[in-house]
Structures are given as structure tokens and as C-alpha cells.
**Q** 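Submitted below is the structure of interest, expressed as C-alpha cells.
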There are 2 protein chains.
Amino acid sequence: MELKEAKEKFIQAWGTLGSNWGINRTMAQVHALLMVSPDPLSAEDIQDELNISGGNANMNLRALIDWGLISKVHKPGERKEFYAAEKDIWKVFKQVAKERRKREIEPIFRVLEDVSKISGNPKEKNNKAFLETVKGIHNFASKTDKTLETLINADENWFMSSFIKLMK
Amino acid sequence: MELKEAKEKFIQAWGTLGSNWGINRTMAQVHALLMVSPDPLSAEDIQDELNISGGNANMNLRALIDWGLISKVHKPGERKEFYAAEKDIWKVFKQVAKERRKREIEPIFRVLEDVSKISGNPKEKNNKAFLETVKGIHNFASKTDKTLETLINADENWFMSSFIKLMK
DNA sequence: AATAATTTTCAGAAATTACTGAAAGTTCAG
DNA sequence: CTGAACTTTCAGTAATTTCTGAAAATTATT
């Protein structure tokens with residue numbers, strides 16, 4: 001297989017993976033393209049490679065910067081901005097975990113705490129079922145949150161080696 | 001806050017969470033509704049609670065069964081089928097991990113292995129950047145896969161207590 | 001300061017995804 | 001068997017999400 005074809009397949013697969021996980025397909029494709037490029041690319045390069053409009057490229061590049069997955073690179077003597085992706089997949093994973101934690105766990109906590117404050121007898125069947133489910137999720141979310149926090153601060157080797165030991 | 005209002009808020013929040021993670025909003029809402037109901041509900045109950053059509057309710061119920069998150073309950077003397085959700089959130093989490101592993105990790109593995117077979121000198125800059133990224137992801141995916149496998153077979157208490165120890 | 005290159009924004013269009021409603025299919029009690 | 005209760009399917013429609021293209025804003029160059 002030629003490099004070009006392999007790149008296309010990889011970009012396609014990464015896009016599908018992203019969209020299964022609630023990330024817009026094009027954003028994931030831009031990310032994939034930058035991950036396999038040896039050098040930073042300009043917005044124009046990306047437009048041409050992926051056949052997307054300038055507006056679309058720009059919006060997804062900003063979103064990727066916002067997620068902390070790529071950064072602008074200024075090339076001396078060049079007018080254009082270039083973009084480069086973090087290629088260490090462990091760092092990518094940690095960054096995504098960090099952002100999703102901020103964007104999703106925190107809001108769900110607020111809702112869980114809020115809906116726990118229901119009136120009426122907590123022993124009554126309907127109230128009880130509700131409160132137990134909510135409490136269970138709250139408890140689980142707390143543990144997950146702590147785990148994620150540790151994960152985000154962990155170094156890969158430490159984490160993986162400890163984890164593998166644990167799994168034995 | 002009244003139970004009814006709290007349920008609605010919870011169902012809404014669960015739906016949003018689902019759609020952020022690539023799960024259709026209504027499917028997540030049906031799941032939420034069943035998680036907070038003390039007794040199994042019929043398709044009709046669900047239609048009425050969520051204001052959705054029979055077809056929609058049916059399709060999402062089947063999808064939830066397919067994901068292993070709810071099950072049919074036959075009530076003696078009743079013609080209708082009823083549905084009940086697994087309420088232990090740890091089991092829910094494991095089940096989702098199991099399904100996603102099957103549906104997503106396996107396909108991505110195939111692609112990664114496939115695209116590793118590129119022609120040309122692996123030392124050449126473009127080939128090298130590509131192969132290193134792909135190799136890094138493949139390696140990460142292998143570890144993740146092993147971890148998930150363990151997780152799926154783990155019991156919550158064992159897992160959490162070991163994990164908390166690890167984190168210290 | 002004028003011009004040219006580049007980036008950003010955003011209204012409307014296109015594409016994708018989800019839903020409805022009605023018809024077809026099943027199941028079961030009488 | 002028959003018909004009523006219930007479930008499933010799916011073509012067409014609706015809602016949502018994403019993208020385009022062109023205009024506005026910004027930034028650098030002469």
C-alpha cells in the first residue's frame with residue numbers, strides 16, 4: 001500500500017472513531033492529518049488535503065486548539081500560520097480526558113446534587129427508587145472523577161506499569 | 001423539588017450526556033426513565049412519559065436490549081411486554097465498555113494493522129512520521145484493550161479498592 | 001496609508017441523523 | 001379459526017448538525 005492511500009484510510013478511520021464518540025468527523029480528520037504529517041501544515045494545506053472549505057477548516061482548527069490537541073506554529077519568514085498536533089497518543093488521551101471531565105462530569109454532578117433534593121418521604125417506593133439510582137450514579141461519578149484526576153496527572157510509564165501489576 | 005420535576009431533569013441530563021458520547025438522545029432518555037422507575041414499564045408507558053411515537057420507543061428499546069442495558073420482563077397475566085433497566089451503575093458502565101470495545105477497538109485495530117503495511121523506505125521522513133504515529137496508537141490501543149478486558153471481568157469492590165490503593 | 005494576504009465569522013444550504021405514523025406482522029384468548 | 005392486542009418495520013418527513021462561500025475583520029508589507 002502506498003503512503004497516500006494509508007494516510008487516507010487512517011484519516012477516515014479516525015474520523016469514524018471521533019464521530020462515534022461525539023466528536024465531529026471533520027475535526028477528528030483534521031487531527032488525524034496533523035498527527036501523521038511530519039511537518040506543520042497551513043490551513044490551506046488542510047483544505048486541499050481534506051477537500052473542505054476555508055471556513056470549515058478554520059472552525060475545526062480553532063476547536064482543536066480549544067481542546068488543547070494542536071497548536072499554532074509560526075514559521076519565520078512565512079505569512080501564514082501553521083498547525084501541528086501533539087503526537088504522543090498518551091498525552092492526547094490525557095488531554096481529551098481532562099477536557100471531557102471539565103465539560104461533562106462537572107455539569108452532571110450539579111444535576112445529581114440538584115435532583116437529590118426531592119420533597120416527600122424517602123421511604124416511599126417511587127422516591128426510594130429514584131434516590132437510590134441517583135445516589136449510585138453520584139457515588140460512581142465521584143470515584144470516576146478522582147480516578148481521572150489521578151490519570152491526568154500521571155505519567156504513562158508509571159501508570160501503565162502500576163496498572164499492569166494490578167491486573168495480575 | 002417534586003419527584004416528577006426531578007425525574008424530568010435527570011432524564012434530560014442523561015440524554016445530553018448520551019448525545020455528547022455518540023449515543024442517541026432518546027435512547028439515553030429511555031434508559032434514564034427505566035433506571036429511575038421502581039417497576040418495569042411498558043412501551044406505552046414510555047411513549048407517554050417521553051412523548052415519543054410507538055415506532056421510536058420500539059426502536060430505542062431494541063437498541064437498549066442490544067447493548068445489554070435493559071431487558072424484557074414478562075408480567076404474568078399481562079399481554080404487554082415490560083422493560084426494566086439494570087440499575088447498578090457499575091454494571092452499566094462495564095456493559096457499555098464491553099460493547100464499545102467490541103464495536104470500536106476491534107475495527108480500529110484492523111485499520112492500524114492494515115495501514116502499517118506501507119511500501120517505501122521506512123526511514124524516509126514522511127513514511128517515518130506516519131509509521132511512528134500509527135505504531136504509537138497501536139501500542140496504546142493494545143494496552144487499553146487489555147485494561148478494558150480486565151475491567152469488564154472485575155468486580156467493583158475489588159477494582160475500586162485496588163485502584164484507590166494504587167492512587168495513593 | 002494603501003494594498004495585499006490571511007483569518008474569522010456567520011447566514012443560508014446541504015448532509016446527516018432521528019422520528020412519525022400507518023401498514024404489516026405476530027401472538028394469543030375465546 | 002377469528003379478531004383484538006400488541007409489536008415491528010420502514011418510507012417519508014422533520015429536526016439537527018455540519019459545511020460552504022462570501023463578506024468583514026485583521027495583520028503584514030510596501
Side-chain angles (χ1 to χ4, degrees), chain A residues 11-34 40-67 69-84 103-104, chain B residues 11-34 40-67 69-84 103-104:
Chain A
I11 290 168
Q12 182 57 45
W14 205 247
T16 303
L17 188 71
S19 74
N20 282 149
W21 286 82
I23 288 150
N24 140 354
R25 165 178 262 93
T26 304
M27 179 171 152
Q29 288 179 338
V30 172
H31 182 228
L33 173 59
L34 289 172
L41 302 179
S42 69
E44 207 185 347
D45 296 334
I46 293 165
Q47 285 172 48
D48 296 347
E49 285 282 344
L50 303 178
N51 282 297
I52 60 178
S53 71
N56 194 11
N58 185 268
M59 299 231 268
N60 284 299
L61 285 166
R62 327 214 93 246
L64 284 163
I65 289 172
D66 210 48
W67 275 76
L69 296 174
I70 67 171
S71 48
K72 282 191 180 177
V73 176
H74 184 70
K75 281 197 186 177
E78 283 271 14
R79 186 74 178 275
K80 285 179 188 161
E81 289 286 359
F82 288 77
Y83 301 87
R103 297 172 194 214
E104 278 138 36
Chain B
I11 290 168
Q12 182 56 46
W14 205 247
T16 303
L17 188 71
S19 74
N20 281 149
W21 286 82
I23 289 150
N24 140 357
R25 163 178 264 92
T26 303
M27 179 172 152
Q29 288 179 339
V30 173
H31 182 229
L33 174 60
L34 289 170
L41 302 180
S42 69
E44 206 186 350
D45 296 334
I46 293 164
Q47 285 170 50
D48 295 349
E49 286 282 345
L50 303 179
N51 283 295
I52 60 177
S53 71
N56 194 11
N58 185 267
M59 298 232 268
N60 284 299
L61 285 165
R62 325 214 96 245
L64 283 164
I65 290 172
D66 211 48
W67 275 75
L69 296 174
I70 68 171
S71 48
K72 283 192 180 177
V73 176
H74 184 71
K75 281 196 186 178
E78 284 272 14
R79 189 72 180 277
K80 283 177 188 161
E81 289 287 359
F82 289 77
Y83 301 87
R103 297 173 193 215
E104 278 137 34

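Note on naming: letters A, B, ... go to the chains in the order of the sequence lines (proteins, then strands), and numbering restarts at 1 for each one. Computation of the quantities below employed the complete heavy-atom set of this structure, encompassing side-chain atoms and omitting hydrogens, waters and symmetry-equivalent molecules.
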**Q** Please round to the nearest 0.5 Å and tell me the distance separating atom CG of Leu17(A) and atom CD of Glu104(B).
**A**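 So the CG of Leu17(A) and the CD of Glu104(B) are separated by 6.0 Å.
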**Q** 5' to 3' on DNA chain C, which nucleotides open and close the contacts with chain A (atom under 4.0 Å from a heavy atom)?
**A**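 So the contact region on DNA chain C extends dA4(C) to dC10(C).
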**Q** Going by heavy atoms closer than 4.0 Å, what residues in residues 50-58 of chain B are next to DNA chain D?
**A**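 Correct list: Gly55(B), Asn58(B).
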**Q** May I have the distance from Asn60(A) (atom CG) to dC19(D) (atom P), rounded to whole angstrom?
**A**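 Whole-Å distance recorded here is 6 Å.
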**Q** Supply the atom-to-atom distance Leu61(A) CG to Asn56(A) CG, rounded to the nearest 0.5 angstrom.
**A**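 CG of Asn56(A) is found 9.5 Å from CG of Leu61(A).
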**Q** Parallel, tilted or perpendicular, judged at 30° and 60°: which one describes the rings of Trp14(A) and His31(A)?
**A**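 Tilted, since the angle between the ring planes falls between 30° and 60°.
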**Q** Mind checking the CG-CG spacing from Leu34(A) to Asp45(A)? Nearest 0.5 Å is all I need.
**A**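 These two atoms lie 9.5 Å from each other.
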**Q** Check every strand shown and say whether Glu81(B) touches a base, only sugar-phosphate, or nothing at a heavy-atom separation below 4.0 Å.
**A**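 Since only primed, P, OP1 and OP2 atoms lie under 4.0 Å of Glu81(B), the category is sugar-phosphate.
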**Q** Taking the nucleotide of DNA chain C with the closest heavy atom to each, which residue, Met59(B) or Lys80(A), is nearer the 5' end?
**A**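 Result: Lys80(A).
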**Q** How far does CZ of Phe82(A) sit from NE2 of His74(A), to the nearest 0.5 angstrom?
**A**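 So the CZ of Phe82(A) and the NE2 of His74(A) are separated by 9.5 Å.
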**Q** Could you give the distance from CG (Asn58(B)) to CD (Gln47(B)), rounded to the nearest 0.5 Å?
**A**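 Asn58(B) CG to Gln47(B) CD: 9.0 Å, rounded to 0.5 Å.
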**Q** How would you list, by chain and number, every residue that makes a side-chain hydrogen bond (donor to acceptor under 3.5 Å, both in side chains) with Arg62(A), sequence neighbours excluded?
**A**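 Arg62(A): no side-chain hydrogen bond (donor to acceptor under 3.5 Å, both in side chains) contacts found.
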**Q** Taking five pairs at each end of the helix from dA1(C)-dT30(D) to dG30(C)-dC1(D), what angle separates the two helix axes (nearest 10°)?
**A**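 The end-segment axes of the helix from dA1(C)-dT30(D) to dG30(C)-dC1(D) are tilted 10° relative to each other.
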**Q** Just by protein heavy atoms under 4.0 Å, how would nucleotides 24-30 of chain D read 5' to 3' in B, S and -?
**A** ---BB--
**Q** Below 4.0 angstrom, which residues in residues 13-32 of chain B have at least one non-hydrogen atom near DNA chain D?
**A**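 Output list: empty, so none.
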